[in-house]
Engineer: 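One structure is given below, represented as structure tokens, and several questions about it will come after.
All heavy atoms count here, side chains included; hydrogens, waters and symmetry mates do not. We're numbering straight along the sequence, starting at 1.
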Amino acid sequence: MQLYNNTPNQLFYSIDDASSADCGTIDAGQTAALPYYDNQQNVSVSFQVNGGGANALPYSVTIPSSGTGMAVTLGLYTE
């Protein structure tokens, strides 16, 4: 699974399924490659803008069934 950050800000991400979880940051315009999550069931991905303060809400998506090469992209503009 590829996580793309198409925003002008660094993002924090978290990703998990029934047996594993990972988190990290993705710089603006960059990608995080997480091949472990290919072909898994019920993969959840959350994004939050770094430096957004206490009021920054995360963006979340659950993928019922992932496949090899599947991508999750966040493309929001923040100021």
Engineer: Ignoring hydrogens and angles, write down the donor-acceptor pairs under 3.5 Å from the side chains of residues 29-37, residues two or more places apart or on other chains.
Structural biologist:
| from | atom 1 | to | atom 2 | distance (Å) |
| --- | --- | --- | --- | --- |
| Y36 | OH | S19 | OG | 3.0 |
| Y37 | OH | A21 | N | 3.4 |
| Y37 | OH | D22 | N | 3.4 |
| Y37 | OH | D22 | OD2 | 2.7 |

Engineer: Which heavy-atom pair separates D17 from Q41 by the least distance, and what is that distance?
Structural biologist: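 Nearest pair, atom of D17 first, then Q41: CB-O, 3.9 Å.
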Engineer: Do side-chain atoms of D27 reach the backbone of Q10 as a donor and acceptor pair under 3.5 angstrom?
Structural biologist: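 No, D27 side chain to Q10 backbone: no donor-acceptor pair under 3.5 Å.
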Engineer: Can you tell me how far SG of C23 sits from OH of Y13, rounded to the nearest 0.5 angstrom?
Structural biologist: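 So the gap between those two atoms works out to 7.0 Å.
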Engineer: To the closest 0.5 Å, what do you measure between OG (S46) and CG (L3)?
Structural biologist: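 It is 10.5 Å, given to the nearest 0.5 Å.
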Engineer: If only atom types and distance count, is the side chain of N5 paired as donor or acceptor with the main-chain N or O of I26 below 3.5 Å?
Structural biologist: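 Checked: pair present.
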Engineer: Working to the nearest 0.5 angstrom, can you tell me the gap between I15 CD1 and F47 CZ?
Structural biologist: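 One finds 8.0 Å between CD1 of I15 and CZ of F47.
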